[in-house]
Protein chains: 2
Amino acid sequence: MGTATRSDWAERARATLSDAGYRRGGARAAVIDALAGQDCAITALELEDLLRRSDAGVGRASIYRALEQLEQLGLLQRIEVSRGTAGYERVESDGEHHHHAICRECGRLIPFEDSSLERAIEQVAGRISFDVSEHDVVLRGLCERCD
Amino acid sequence: MGTATRSDWAERARATLSDAGYRRGGARAAVIDALAGQDCAITALELEDLLRRSDAGVGRASIYRALEQLEQLGLLQRIEVSRGTAGYERVESDGEHHHHAICRECGRLIPFEDSSLERAIEQVAGRISFDVSEHDVVLRGLCERCD
DNA sequence: ATGACTGCAAAGCCTTTGCACGCAA
DNA sequence: TTGCGTGCAAAGGCTTTGCAGTCAT
């Protein structure tokens, strides 16, 4: 109970965009649907590939524009997945989220969750004079395959 | 006692480079000296400006090359300070380090330390099958000036 | 003398922007 | 009909690479 589903996110994204005054369009709809099916961060170029294979294909610029809009509305979180490349993943309405371990050898992303880490971050956020709206933790090293 | 100083870092950097078979050169020496004087992350282009003003000036390519070498030797940590731009800061030998709150309005970096956060990260590192060599925490939001 | 170090310019890569056309409202 | 949404191509910004000259060892 109370568990957010992927379709919930897509629904919320459409509603939020609508409330923000955005119209409907095929490209952005395709981007939203694709993001709804991801389990972890995906880059703009990976998204472009994915959309070219399955659906009709979406212009690269439209993908970047959609990602930026969704990020600004708090529906996506942007993280750096490799030198100079950004990945995006859904922000769930219930605040549930994970962080990433990134393998410096193969670039693989391993997601993990940790409640005491979250607690520690909340406490830090409370004691510094800075209005924290989001946070991100990255562990770097070698994954079990590359070790 | 036991407190690492900036010159210690520069000294260690020179020794580590030497041990790794690198020769001495003016450009890299200037980069090391400049980094030794920084309190927080600095980008390659900021470093270029800094060096052009004070000393003789160092080619951009040499700066990037030096930063990469120092990072690979574990003497620098690379962090994304803004969309698509990397900042570098010293890695101290005693493991002492800070993390950053980044203002989404003005881009300012506010460093902070937190021991319980470090403890939580160590525990996470211990329980996932991933060989963690470094970690990074970023808080995003508004700084007190922009709030 | 040998090969690393450096600087300049050119190329790369991801991302953003300009512009004309199409579609939602 | 209005002007947002889209796609293509071009431009941007940071970073890397090729190459010839210089300097450390």
Side-chain angles (χ1 to χ4, degrees), chain A residues 13-35 41-52 55-73 75-88 102 104 107, chain B residues 13-35 41-52 55-73 76-88 102 107:
Chain A
R14 285 186 282 266
T16 306
L17 284 163
S18 177
D19 289 351
Y22 288 100
R23 292 181 183 177
R24 276 162 185 270
R28 192 161 49 215
V31 169
I32 290 174
D33 289 345
L35 286 165
I42 184 172
T43 70
L45 268 28
E46 286 168 350
L47 212 40
E48 185 186 26
D49 262 25
L50 190 66
L51 292 171
R52 185 167 36 216
D55 297 84
V58 172
R60 183 172 298 180
S62 298
I63 294 175
Y64 279 104
R65 282 190 277 242
L67 291 173
E68 188 185 343
Q69 293 157 353
L70 290 166
E71 187 198 359
Q72 297 242 352
L73 291 171
L75 291 158
L76 286 182
Q77 168 150 20
R78 177 185 180 282
I79 65 173
E80 185 182 43
V81 296
S82 68
R83 293 180 95 92
T85 309
Y88 293 84
I102 305 181
R104 67 159 171 272
Chain B
R14 284 186 282 266
T16 306
L17 284 163
S18 177
D19 289 352
Y22 288 99
R23 290 182 182 177
R24 274 161 186 265
R28 192 161 49 217
V31 169
I32 290 173
D33 289 345
L35 285 166
I42 184 171
T43 70
L45 267 30
E46 286 167 351
L47 212 40
E48 184 186 26
D49 263 26
L50 189 66
L51 292 171
R52 186 167 34 217
D55 296 85
V58 171
R60 182 172 299 179
S62 298
I63 294 175
Y64 279 105
R65 281 189 278 243
L67 291 173
E68 188 186 344
Q69 293 158 352
L70 291 166
E71 187 198 0
Q72 297 242 353
L73 291 172
L76 286 182
Q77 169 149 22
R78 178 186 179 279
I79 65 173
E80 186 182 42
V81 296
S82 68
R83 292 179 96 90
T85 310
Y88 292 83
I102 306 181

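All chains are named by letter (A, B, ...) in the order of the sequence lines, taking the proteins before the strands, and each is independently numbered beginning at 1.
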Answer with yes or no whether A:Arg65 presents, from its side chain, a donor or acceptor under 3.5 Å of a partner atom in the base of D:dG5.
no
Heavy-atom closest contact (A:Ile63 atom, A:Ala44 atom, distance)
CG2-O, 3.9 Å
Starting at atom CD of B:Glu48, determine the distance to atom P of D:dT15, rounded to an integer number of angstrom.
11 Å
Closest of D:dT16, C:dA25, C:dC5 to the B:Tyr22 side chain is C:dC5
Nearest-nucleotide check on DNA chain C, B:Ala29 vs B:Arg83; residue mapping nearer the 5' end is B:Ala29
Whichever of A:Gly21 and B:Gly25 has its nearest DNA chain D nucleotide further upstream toward 5'
A:Gly21
Do the side chains of A:Leu45 and A:Tyr64 get nearer than 4.5 Å, heavy atoms only?
yes
Rounded to the nearest Å, what distance is computed from the CG atom of residue B:Leu47 to the P atom of nucleotide C:dT6?
13 Å
Specify the separation, in whole Å, of atom CD1 of B:Ile32 and atom C1' of C:dT6.
15 Å
Output the rounded distance in Å from CZ (A:Arg14) to P (C:dA24).
16 Å
What is the separation between atom CD on A:Gln72 and atom P on C:dT15, rounded to the nearest whole Å?
16 Å
Heavy-atom distance under 4.5 Å between the side chains of B:Leu35 and B:Leu67, does that happen here?
yes
Using whole Å, what does the distance between atom P of nucleotide D:dG18 and atom OH of B:Tyr64 come to?
17 Å
5'-most by nearest nucleotide on DNA chain C - A:Gly87 or B:Arg28
B:Arg28
With DNA chain D as reference, determine whether B:Thr43 or A:Ile63 sits nearer its 5' end, using the nearest nucleotide of each.
A:Ile63
Please give, in whole Å, the distance from D:dC8 P to A:Arg52 CZ?
10 Å
Electrostatic pair A:Arg78:B:Glu80 at N-O distance under 4.0 angstrom:
yes
Checking all strands, does A:Gly26 fall into the base, sugar-phosphate, or nothing category for heavy-atom contacts under 4.0 angstrom?
sugar-phosphate
Quick note, B:Ala61 side chain, CB onward, closest among C:dG7, C:dT15, D:dT15 is C:dG7
How close or far is atom C1' of D:dC14 from atom CZ of B:Arg78, stated in whole angstroms?
10 Å
Indicate whether OP1 or OP2 belonging to D:dG5 is found under 4.0 Å from a side-chain N or O atom of A:Ser62.
no
Classify A:Arg60 by what it touches in the nucleic acid, base, sugar-phosphate, or nothing, heavy-atom distance under 4.0 Å.
base
From CA spacing to verdict: side chain to side chain contact (heavy atoms under 4.5 Å, CB included), A:Ile32, A:Leu75:
CA-CA 10 Å; A:Ile32 290 174; A:Leu75 291 158; over 6 Å; no
With a 4.0 Å cutoff (strictly under), does any side-chain N or O of B:Arg24 reach OP1 or OP2 of D:dC23?
no
